[in-house]
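Here the structure comes first, spelled out in structure tokens, and everything after it is commentary.
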Amino acid sequence: MNLIAALENRIRELVDLALKNSLQAQEINFETVPDFVIEVPRDENHGDFACNVAMLLARQAKKSPKDIANILVKHILQANAKEIEKVEIAGAGFINIFINDDWLYELPMVVCQLGKEYGRLETKNSKIQVEFVSANPTGNLHMGNARGGALGDSLSNLLSWAGYQVEKEFYINDAGNQIEILGASLEARYLQQNGQSVPFPEDGYAGQDLVDLVKQFTAKYGSHLVELESKERVKSLLDFALTEKIAYIKESLLNFGIKYDVWFSEKTLHESGKIDEVLNELKEAGYVYEHEEALWFKSTQFGDEKDEVLVRANGIPTYFAADIAYHKNKFQRGFNRVINIWGADHHGHVKRMKGAMEALGYISDNLEIILMQLVRLYSGGNLVRMSKRTGTTIALDELIDEVGLDAARFTFVVRNPDSHLDFDLDLAKQKSMENPVYYVQYAHARICSVFRQAVAFGVDMPSWEDVNAGLLVEDEEKRLLRKIADFPAEIEVAARNLAPHRIARYLTDLAGLFHSYYNNFRVLSENTELQNARLLLLHITRTTISNALMIIGVSAPEQM
RNA sequence: GCGCCCGUGGCUCAGCAGGAUAGAGCAACGGUUUCCUAAACCGUGGGUCGGGGGUUCGAAUCCCUCCGGGCGCACCA
């Protein structure tokens, strides 16, 4: 139940009615009234809701906005709606509507009844898939993966709270060119470890992780691969390395609070002939041509800067070809919307990917790509370069060890994906107030502490339905109630914009209102009635903080 | 050169489908604890919303253009 949305609809009804009743005299056709907004003004002095219709009608009606507002206000008041306390005209012609507080006092019971579900929106008949991280199993998870992980997981939770059926997926790039390179790198390491002096491939993966993997392999299976043919040797090493790597990635992400529904292997697309299948389909539809022995996709037909290779002259399909087959598969699985989170360095891939979907007859808008700006890591005031080739990555595990899961996730989620993120390791490690996650968590812990105190003082906890919420008359209390009431709408907007950072911001605001209230008013007191009302307010504040934290994957500690 | 993203107080960033006097946090300065956790609260100072033009009753928000920064423009992924 969304009390604010219900009120907003009610106000809209009243405004519509006033328009209908007054427009004829102004010789304006009701049908031509432009779309107007009923919004919650930023400044609470401007009422609970504001409407801009008078300003929009000014030209058409050949009257000043204030005159129109006057007429409308008269008609709004004539309806004698019980919700309305007063209506004012302000600014350039805003109609500011003040609602009486009755509705606010209905809120606590709504929150109590819904509990852990408060904020969850009505179930929608729509399946969404979110694919994120999908890191190559050729190196460790780095800061960019961490950001993508925090973002993707929070977004999935958010959409699920918004009523969608959400599936989280990790695409395992276990085929293709980078796997060839991985194989060659492993082979070189293996032979080197077994006393042969072989050169390391120029474009190989030089990270320590591969050295360790090969050591593990040798410890387990010995050195017999030296005797085999290269092809056999590489296959054995790759099988081992990929299994280990993927298990490791899975575990790292799990430690970061991320659990996927599906792990999808690229290799299966190659082996099942799905890539050839989709290539034929594109060919038959006329979107493919041959040039210099390679097969090209006409992505320029879809607004791309140039066409893209699907199959190389050597007969091996590109990553792009596999990705087309993969995304076709996603839509075949019945998702209404498919969301991908990619690093900004992949933006060139967006147009052709959408183009390919369109070529296959899907609606390209149903493939939504969130481009996330890259993360720059600073340590000791210096930029730490992230390169798998040189092996100097800071792994996700180290990040969790050093700054903690909650701080790391909050830091990633609180920012708009569009903005660059400079992650200062030293700053994050300090656990200073620089990090708003503690501010939010502290609010939760403080509330829990009040309840512990109440128990220690021998307070009889009331049944919430017996509590008179109407005693919460202080401005700070009403502000808190309004903010809590706003939670479902916040989820709605955040989900619509695919913007989980809004939830993190909401949390900071809510915690701020609570801290301010807490410092100004005592909860536990001689006045049992008032004490109960305030305990109720704290209880629903805690519920809301806890629910919102759950969306962004941050814990709600009972003490700090 | 072309394309995408960004440019908001000293620093890090919000600003949801254009709305009213542009908001937080950090930093600076000053205050608050016989009282439920001071990881908190209250107050003060500080901004040509990169520049210019346009649309609009109204622009940080939309359009154009220029400047600055990041990223991308492979038969890599």
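Lettering follows sequence order; numbering is per chain, from 1. Quick caveat, the model's predicted, so the values are computed rather than measured.
- You'll find that the side chain of A/His46 is closest to B/rA20, out of B/rA40, B/rA20, B/rC5.
- Taking a centre distance below 5.5 Å and an interplanar angle below 30 degrees as the stacking criterion, A/His501 does not stack against the six-membered base ring of B/rA14.
- Using the Watson-Crick or G-U wobble rule with both distances under 3.5 Å, B/rC36 pairs with nothing in any strand shown.
- A gap of 15 Å separates the C1' atoms of B/rG51 and B/rU8, to the nearest Å.
- Between A/Phe49 and A/Val40 there is a side-chain heavy-atom pair separated by less than 4.5 Å.
- Comparing B/rU55 with B/rG45, their P atoms sit 37 Å apart, to the nearest whole Å.
- The separation of B/rG19 from B/rG30, taken at their C1' atoms, amounts to 36 Å, rounded to a whole angstrom.
- Comparing A/Ala50 and A/His346 against RNA chain B, the residue whose closest nucleotide sits nearer the 5' end is A/Ala50.
- With centroids closer than 5.5 Å and planes inclined by less than 30 degrees as the test, A/Tyr439 and the base of B/rA40 fail to qualify as a stacked pair.
- The nearest heavy atom of RNA chain B to A/Glu39 and to A/Ala313 marks one nucleotide each, and the one closer to the 5' end goes with A/Glu39.
- Between A/Phe302 and A/Tyr287, the ring planes lie tilted relative to each other; the angle falls in the 30° to 60° range.
- With a 3.5 Å ceiling on both atom-pair distances, the Watson-Crick or G-U wobble partner of B/rC29 is B/rG43.
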